Amino acid sequence: MASSADTAGDGAHGAEEGETRRDFLMLATGAFGAFGAAAAAWLLIDQMNPAADTLAASTTEVNLEPIKPGQRVLVKWQGKPVFIVRRTEAQIKAAGAVDLASLPDPEADAKRAQKPEWLIIVGVCTHLGCIPSGTKQGEVKGEFGGWFCPCHGSHYDTSGRIRKGPAPKNLPVPAYKFLSDKLVKIG
Amino acid sequence: MRKYLMSGAAALSVVVLASGNAVAAGSAVKPPEQQWSFSGLFGTFDRGSLQRGFQVYNEVCAACHSVRLLAYRNLMDIGFTEDQVKKIAAAKEVTDGPNDEGEMFQRPAQPGDRFVKPFPNEQAARAGNNGAFPPDLTLMTKARVGGANYLHALLTGYKQPPKDQKLAEGMSYNLYFAGNQIAMAPPLAEGAVEYADKTKATIDQMARDVTTFLAWAAEPELEWRKRMGVKVILFLLILTGMLYGVKRKVWSDLH
Amino acid sequence: MRDSKFKNPIIAWIDYRLPVFTFMEHELHEYPTPKNLNYWWNFGSLAGIILVIMIVTGIVLAMHYTPHTAFAFDSVERIMRDVNYGWLIRYIHMNGASAFFIVVFIHIFRGLYFGSYKSPRELLWMLGVVILLIMMATAFLGYVLPWGQMSFWGATVITNLFSAIPIVGDSIVTLLWGGFSVDNPTLNRFFSLHYLLPFVLVGVVVLHIVALHQHGSSNPIGIDTKSPQDTIPFHPYYTVKDLFGLGVFLVLFFGFVFFAPNYLGHPDNYIEANPLVTPPHIVPEWYFLPFYAILRSFTADALIYLPISWLMSAKLAGVLAMFASILVLFILPWLDRSPVKSARFRPIYKQFFWLLVIDCVILGICGAKPAEAPWTYIAQAATAYYFLHFIVIIPLLGFFGKTKPLPTSISEPVLKGGGGSSSAASTKPMEKA
C-alpha cells in the first residue's frame, strides 16, 4: 500500500502498463473536462455580444426629402453618428479630382458614394473615435473643406477621406440601400 | 406553488411532495392533463399549431389582451417568412417620435417593434372592459399553476352555472377559474377563425392552438433548451463516468 | 532559492518572493486529509464551487439587469429572450440558489451527524453558521430583483419582520425601504447589497477554510488523525473524488436547469409586481419554508406562545424564534457535552438525529401549506420539538447517552475490516518527498 502511494505522491511513475492506461484515462478525462470548461467560458463571453433586440434595431431609415443641396445632416445609427451630405456639383468634382497617390488611404470618390449626390459616412474618427466637426453650420471643416477632428487634429476631405493628421483610414461608409429616390436604409 | 423540494440530511435522495393546487382554489376543478407537442425531454412546438395559434391570438385575443414582450421579428422563429412578418407588423400602428416638429406620430409597425398593445395602459383597458383588466398573455403559461393545461381548460371550461350559483353582472361561469366567476365572456366560438390550412376551427382546436402559441410566447427558448440539455447531460454523464474511472484508479493505491 | 523544491526556475523565482506556490502545495496538494472520509464529505467543496458558479453567472446577469421598478421585470425577460444564452445563464443562477441550499443543508446535517462541530472545531462550525446567515440574506435580496409578484410581496413580508422590534421597529422598516413601502429605493439598495454580500461570503468562506486546515477535516469515526498513517494527501485523492462528486451533481443540476427550470419556482413570480394586489397564497422559496413555519407558529393562541405571552407579542416571539432557530447552532458546541463525536458510536443520539431531520422536513411542509388547521398545530408541535432537540435533548444526551466503544485510531478499523495484510501496519508512515 505505502509503496504505491509513495509513487502516486512522487509523480515518479514507473513505465508499467497499468500506469500507461491510467495516464491515458487521466489525459482523456482532462481533455473532456477542458472541453466542457471551454464551452462554458464561451457562452459566458458570448452573452456580451449584441442581443437579439439590439441587432434587430440596427437599421435606420432616413428620409432624404428635406435635405437641400450642400447641406450636411447627422443621424444616429447603431448608437453612432452618420453624416449624410447632399453634395453640390462642385463638391463632387473636387472630390473626384484628387490624385489618389497623394492619399494616405487611397480610395476613389466614386467608390465611396452609390449616388455621387449623396455621401453617407460614419462620423467616427478612425484615429480614436471622436466625432469630427464640420457637419453643423459654422463648425470648423478643416484644411480640406470636409471634416476636422478636434481631438487630435485629423483633417478629412469632402469625400470623408483622411488627408492630414494621425488618423489611419478614411471615414467608413456604412452598408446602405436606397429604398427609393428619397428614402435610404442604413445598415 | 405546486411542489416543494425538501432536502433530508443524511440522504442524497430528496423527498418531493406534491402539495396540491391550493392557490385560492375556490371550487375550481383541477385542469385535465393534455398531450402537448412541446412536453417531454425532446418536445418541440408543432409549427402548424403555432401559426394557427398566432392567427387565433391575432384575430380573437388581441382585441383585449397584449403580448407585450413579443416582437414581430420573433414570429420568424415559428415559421413566418420575413415578408409575412413585415405584413403582419405593418397592419398595426405604433406611436413614434417626437418628429422634427416635436410631435409624436403614428407609423406602421416594423419587425423590430414589440407587439402593439390593444390598450395604452391599465386604466384604458379597465374602462374598455367593464372594469376588468385583461392580463398580458406573454408569460401566461408560466404564470399560472397548471400552465398550458390550465389555459386550455379555461378556454374550453365555460359551462352553464349550477342552479344554486348566482353570477354577478357581466360575469361568466367557468369550471376551472378560481371562484368560478370570470369577467371574460367565452372568447371562442365554433368557426371563429378560418384557418388557412383548412383545419376545422373547433373550440377545442382553437384553444389548443392558441395555448401552443402562448406556450411558445412564454418560453421561446424551449426547443433550443431541450436540444442543448440532452447534449449537455450526455456529455456530463460521460465525463462523470470517466472521472469515476480516474477516481477508482487513483484510490486503488490505497486498497 | 537554490534549495527551492520547484524545478521550474520561473516558479521558483516567484515563490522565493511571493510564496503562493508553497501555499498551494501545502493547502491543496500535501494537505493531510483523513483517509476514511466518505461521500458526505464532498459537499463542502461542492458548496464552494456553487458559490463560484453563482458569482460568475451573477456578474454576467448584472451586465443586463436594470434595478429600477419600471424596467427590472422587463430587463429579466430581455435576458430570457434576447441576450445570447441569457435564458441559460439566468436559469443556472436561479436553480443555483436552490442547489446551493440543498448542498449546504446536507453539509450542515453531515456536521450534526458526525459531530464535526466539537472541539477543536467550534469556530469552524460557527463560521459555517455565519455563512448560512449571509447566504439566506443574499438569496432573499436576489429573489426580489426580478420584481415579480412573489419578489415584491416576499420583500414586503420579510422587511416587515423588523416592525416586530419594540419602539424602533417601524423606523427600521422605513429605513430599510427608503420610503413608505417597498419601492424603487428598496429595489436599488437590494441590488447593491445582493452584489456585495457574495463577496463578503467569499471572505467568510476563506476563514472557514483557514479554520478547517488548522486541525484538518473531521471524519466519520470522529477520532482525530494521530499518525501520518491515518492521512492521505488531499491531491490527488480528494481532488479527484470531489471532481467525481461534482460530475454527479452537475448531471442532476443541469437536469433541472434544462428540463424543469421552473420546477422549484413559483408561477406568481412571472407576473410583474403589483403593489395593489397580494397573491392569494404567498410562500417563500422552498429553502426558507422551515423557518417560515417557525415564524408562523407563534400566534396569540398557540400553546408554545403561552409561556412567553407576558413578555412579548406573538409577532415578536415568532420573529425571534425564527432567528433563534439558526442562532442556536452557534452554541451547539457547548450544548453537546458528549466526548464522542460521531453518531456511529452514539446509538441514541443517532435516533434523535433522524428525528430532527424528519422534524425539519415536517416544518418545511407546514411552511408550504396555508396557515390553517391542521397545519398550524403540526407546525407548532414541530417548532417546539426543534428547540427541544437542541436545548434539552442534546445536553441530556451528553450526560446520559450510552456510547459504543471507540476504535483507537482511523487506521484500526480500516486494517481490521479491509482484510489488509499485516505488513501494511508495519510499513513506514507515508510521507511526502
Side-chain angles (χ1 to χ4, degrees), chain B residues 1-12 14-15 17 19 22-25 40-41 68-71 74 135-136 138-147 178 218-221 224-226 228-230 232-233 236-237 239-251 253-255, chain C residues 35 39-40 74 77 80-81 87-88 91 98 101-102 105-106 108-110 112-113 232 236-237 240-241 243-244 246-248 250-251 254-255 257-259 261-272 279-281 283 286 289-290 353-354 356-358 360-361 364-365 368-370 418 420:
Chain B
M1 195 171 190
R2 300 146 296 178
K3 285 153 184 171
Y4 305 94
L5 200 77
M6 299 300 311
S7 75
L12 186 71
V14 281
V15 186
L17 297 144
S19 72
V23 182
L41 287 192
R68 64 184 183 89
L69 296 168
L70 277 188
N74 296 137
D136 184 84
T138 329
L139 291 166
M140 202 39 100
T141 60
K142 277 168 123 178
R144 291 291 181 275
V145 175
E219 298 185 272
E221 88 294 347
W224 186 12
R225 171 158 59 77
K226 291 186 174 181
M228 192 168 164
V230 171
V232 169
I233 298 283
L236 285 172
L237 281 174
L239 179 63
T240 306
M242 292 168 85
L243 282 167
Y244 183 67
V246 175
K247 192 253 164 194
R248 284 279 300 265
K249 286 273 180 192
V250 169
W251 280 72
D253 291 349
L254 293 181
H255 302 304
Chain C
K35 65 180 177 188
Y39 276 102
W40 297 117
D74 286 10
E77 276 307 315
M80 296 295 290
R81 286 157 191 278
W87 56 270
L88 177 55
Y91 276 154
S98 286
F101 275 98
I102 290 175
F105 284 160
I106 294 175
I108 292 170
F109 276 101
R110 188 270 285 157
L112 290 175
Y113 186 87
I232 46 178
Y237 295 101
V240 71
K241 193 177 179 183
L243 281 174
F244 167 60
L246 174 66
V248 174
L250 288 179
V251 169
F254 279 108
V257 167
F258 284 111
F259 298 107
N262 293 302
Y263 183 79
L264 294 166
H266 196 294
D268 275 313
N269 225 28
Y270 283 107
I271 303 170
E272 191 169 2
H281 181 57
V283 288
W286 70 268
L289 289 175
F353 168 83
W354 287 111
L356 179 71
V357 173
I358 294 167
C360 290
V361 173
I365 297 170
K369 297 290 179 183

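Small disclaimer: the values here were computed from a predicted structure and weren't measured.
Listed options C:Arg81, C:Glu77, C:Lys241, C:Met80 were ranked by heavy-atom pairs under 4.5 angstrom with chain B; first place goes to C:Arg81. The residue among B:Met228, B:Glu221, B:Lys142 with the most heavy atom pairs within less than 4.5 Å of chain C is B:Lys142. Between chain C and the residues B:Met242, B:Glu219, B:Met140, B:Lys226, the most heavy-atom pairs under 4.5 angstrom are made by B:Lys226. The residue among B:Val232, B:Leu70, B:Leu239 with the most heavy atom pairs within less than 4.5 Å of chain C is B:Val232.
A heavy-atom distance below 4.5 Å is found between the side chains of C:Phe109 and C:Cys360. Between C:Tyr91 and C:Phe254, every side-chain heavy-atom pair lies at or beyond the 4.5 Å cut-off.
Contact annotation for B:Ala218: only backbone heavy atoms (N, CA, C, O) come within less than 4.5 Å of a heavy atom of chain C. For C:Leu250, the parts sitting under 4.5 Å from any heavy atom of chain B are the backbone and the side chain alike. Contacts of B:Thr141 with chain C are absent, with no heavy-atom separation under 4.5 Å from either backbone or side chain.
Distance CZ/C:Phe101 to CD1/C:Ile108: 9.0 Å, rounded to 0.5 Å.
Applying the side chain to side chain contact (heavy atoms under 4.5 Å, CB included) criterion to B:Leu237, with sequence neighbours excluded, gives B:Ile233, C:Val251. Contacts of C:Asp74 classified as salt bridge (charged side-chain N to carboxylate O under 4.0 Å, His left out), with partners at least two apart in sequence or in another chain: B:Arg68.
Within a 6.0 Å radius of OH in B:Tyr244, no more than 12 heavy atoms belonging to other residues, nucleotides or ligands are found.
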